[in-house]
Amino acid sequence: MKLFISLTVWAILLVLCWPLAILLLLLYPFIWLILLPFRLLGVGVTWSLAIIGALFILPFSLLR
């Protein structure tokens with residue numbers, strides 16, 4: 001669904017302003033590479049918070 005929406009928005013942009021759409025298409029891999037470390041950092045923070053939360057819930061799970 002997300003892919004369909006992004007392709008639809010890109011097609012509308014292609015009709016309205018084709019140079020900007022082509023530029024976006026060419027710059028997308030570089031934008032993805034720039035944002036990749038932030039995505040990896042987000043995954044790491046999510047996993048570490050999940051482990052900490054599991055450690056806090058563990059005693060209550062054992063008592064139940």
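Each residue takes its place number in the sequence, starting with 1.
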Practice task
Share the residues that join Leu23 in a hydrophobic cluster, the rule being Ile, Leu, Val, Met, Phe, Trp or Tyr side chains under 4.5 Å apart at the heavy-atom level.
Solution key: Leu27, Phe30, Ile31, Leu35, Phe38
Practice task
Verify the cluster assignment for Leu20 and Leu26: are they in a single hydrophobic cluster under the rule of side-chain heavy atoms below 4.5 Å apart?
Solution key: yes
Problem - Side-chain hydrophobic cluster, 4.5 Å single linkage: members besides Leu63 - result: none
Completion exercise
Distance col, row Ile51:CD1 vs Thr46:OG1, nearest 0.5 angstrom, shows 11.0 Å
Handout entry: Single-linkage hydrophobic cluster, 4.5 Å side-chain cutoff, Tyr28 and Leu25 together
Key = no
Problem - Apart from Val43 itself, residues in the same hydrophobic cluster as defined by side-chain heavy atoms under 4.5 Å - result: Trp47
Exercise for the section: Report the residues that fulfil side chain to side chain contact (heavy atoms under 4.5 Å, CB included) with Leu14, sequence neighbours left out, ordered by chain and then residue number. Expected result: Trp10, Trp18, Ala21, Ile22
Problem - Qualifying residues under side chain to side chain contact (heavy atoms under 4.5 Å, CB included), relative to Leu36, sequence neighbours excluded - result: Trp32, Leu40
Completion exercise
Connected to Ile12, directly or through other members, by ILVMFWY side-chain contacts below 4.5 Å are Leu16
